[in-house]
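Atoms within each ligand, like the ligands themselves, are counted from 1 in listed order. Just so it is clear, the model here is predicted, and its values are computed rather than measured.
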Amino acid sequence: MSARIISGTETAKQISEELKNEVAELKATRNIVPGLATVIVGCDGPSLTYVGNKVTMCEKLNMRPERHDLPADISEKELLALIACLNADPAVHGLLVQLPLPKHICETRVLMAISPLKDVDGLHPVNVGKVMIGEDGFLPCTPAGIHELLLRAEVAMEGAEVVVVGRSNIVGKPLASLLMQKRPGANATVTICHSQTRDLKQHTLRADVLIAAIGRPRCITADMVREGTVVIDVGTNEVGKTAEGKRILVGDVDFEAVKEKAAVITPVPGGVGPMTIIMLMKNTLKAAKLALGA
Ligand code: NDP
């Protein structure tokens, strides 16, 4: 039987309606418009697209985007000075620096310079630590989006065997921390695999919920998945361009074959991707409320 396909696009649409209402209420009751400042250094193609999408989504939800496009040769000192200004600006509630940064700038120093109270990407060590100890902070957007998708799709997570393939700081590690917490949509037994895992298939075949965040097209094949597994595909891999020059994206999962065995699966595109950006908006609204003490 073919899997139930969870649409991140549809779920993100529902959440965007909820957020729009909350934004309107904040404006009506407190005269506050959530503001998101995005900083981009240089003109790396995909980063420009990602930042453009974030700005557009802000506008759709009636939030205030503020975009700072900086030259690729800007010094770290100048970038840190801009971050300090944005940290101090009360109209800026959320602040993110698009990664990757040019080699001459230290990403860790930049991330640490962002106020943890405005860190809507959830990458500041204070927020990373809060995920680890289960305290309320800003969750990184992709793990938060996956958690929300699992919750809304009513996937049984309590006590489930979850296997996360990938241990990056933005996806694999925080996702594993989140899904092992004592909270709804989590409370799972989590295994993390990576490139040095001895027998990947032995782990993936045990999974009730298998999450692929690898960055390799169709790396998870049908023989690696048990019948009835919930499969979440984070991978976003460009494998070519259409005749019109549009990027052709595929996930880390061999979707066509795996969907015949899985119980539930997310597509690429239209799965985790739209959830990531809507979680950024949710975090920005949260930051605006936090600034009000609400
Ligand atoms: P990284 O490259 O930072 O991490 C990839 C992880 O996969 C690493 O831990 C690596 O292991 C592991 N890995 C690589 N090859 C194998 C293998 N053959 N077997 C097992 N593990 C392997 O990637 P990200 O976490 O940043 O992103 C992962 C994917 O998700 C990418 O396709 C990215 O584009 C996508 N992505 C999508 C988002 C969305 O919103 N949809 C958001 C963020 C990312 P090791 O640590 O040993 O190197």
Side-chain angles (χ1 to χ4, degrees), residues 6-12 15-16 38 44-54 56-57 96-101 107-108 111 120-123 128 131 138-150 162-179 190-207 210-221 223-225 231-240 247-255 265-283:
I6 319 181
S7 167
T9 308
E10 286 308 311
T11 311
I15 299 172
S16 74
T38 50
D44 167 68
S47 291
L48 280 177
T49 310
Y50 299 147
V51 168
N53 291 343
K54 289 166 190 175
T56 306
M57 185 56 82
L96 75 85
V97 177
Q98 187 67 42
L99 301 179
L101 290 168
E107 274 185 11
T108 308
L111 292 178
V120 284
D121 257 347
L123 298 178
V128 174
V131 181
F138 290 107
L139 290 172
C141 301
T142 303
I146 293 167
H147 178 245
E148 192 72 35
L149 207 54
L150 291 166
V162 174
V163 175
V164 179
V165 190
R167 59 174 164 186
S168 71
N169 290 338
I170 60 162
V171 188
K173 281 187 208 154
L175 180 62
S177 298
L178 180 58
L179 295 182
V190 184
T191 304
I192 302 197
C193 300
H194 47 78
S195 70
Q196 301 309 302
T197 297
R198 227 175 284 135
D199 184 353
L200 181 61
K201 187 171 163 180
Q202 179 217 321
H203 292 282
T204 59
L205 281 174
R206 273 194 310 105
L210 174 61
I211 305 176
I214 308 165
R216 287 175 180 251
R218 304 185 188 98
C219 182
I220 302 292
T221 47
D223 61 308
M224 298 169 80
V225 179
V231 179
I232 306 292
D233 192 352
V234 186
T236 312
N237 308 294
E238 184 177 330
V239 290
R247 299 195 305 152
I248 301 171
L249 299 177
V250 301
D252 289 343
V253 174
D254 182 358
F255 181 82
I265 193 166
T266 59
V268 177
V272 174
M275 291 301 292
T276 296
I277 187 161
I278 207 70
M279 288 298 124
L280 175 67
M281 301 299 131
K282 199 170 174 175
N283 276 350

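- Remark: Thr9 pairs with Ser7, Pro274 by the side chain to side chain contact (heavy atoms under 4.5 Å, CB included) rule, at least two apart or across chains.
- Checking each of Val164, Val165, Leu210, Thr197 against His203 for a side chain to side chain contact (heavy atoms under 4.5 Å, CB included) leaves exactly one that passes, namely Thr197.
- Contacts of ligand 1 (protein heavy-atom distance under 4.0 Å) are Thr142, Val165, Gly166, Arg167, Ser168, Ile170, Val171, His194, Ser195, Leu200, Ala213, Ile214, Gly215, Arg216, Val234, Gly235, Thr236, Asn237, Val272, Gly273, Thr276.
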Go through Leu175 and Leu179 one step at a time and tell me if the side chain to side chain contact (heavy atoms under 4.5 Å, CB included) criterion holds. CA-CA 6 Å; Leu175 180 62; Leu179 295 182; 3.9 Å; yes

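- One finds the CD1 atom of Ile220 at 11.5 Å from the CD1 atom of Ile211 (value rounded to the nearest 0.5 Å).
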Side-chain donor-acceptor distances from residues 233-240 under 3.5 Å, at least two apart:
from	atom 1	to	atom 2	distance (Å)
Asp233	OD1	Gly235	N	3.2
Asp233	OD1	Asp252	N	2.8
Asp233	OD2	Asp252	N	3.2
Asp233	OD2	Val253	N	3.1
Thr236	OG1	Val234	O	3.2
Asn237	ND2	Val250	O	3.2
Asn237	ND2	Gly251	O	3.1
Asn237	ND2	Asp252	OD1	2.9
Glu238	OE1	Arg247	NH1	3.4
Glu238	OE2	Lys241	NZ	3.3

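- Every residue meeting the side chain to side chain contact (heavy atoms under 4.5 Å, CB included) condition with Cys219, not counting sequence neighbours, appears here in chain and number order: Ile214, Arg216.
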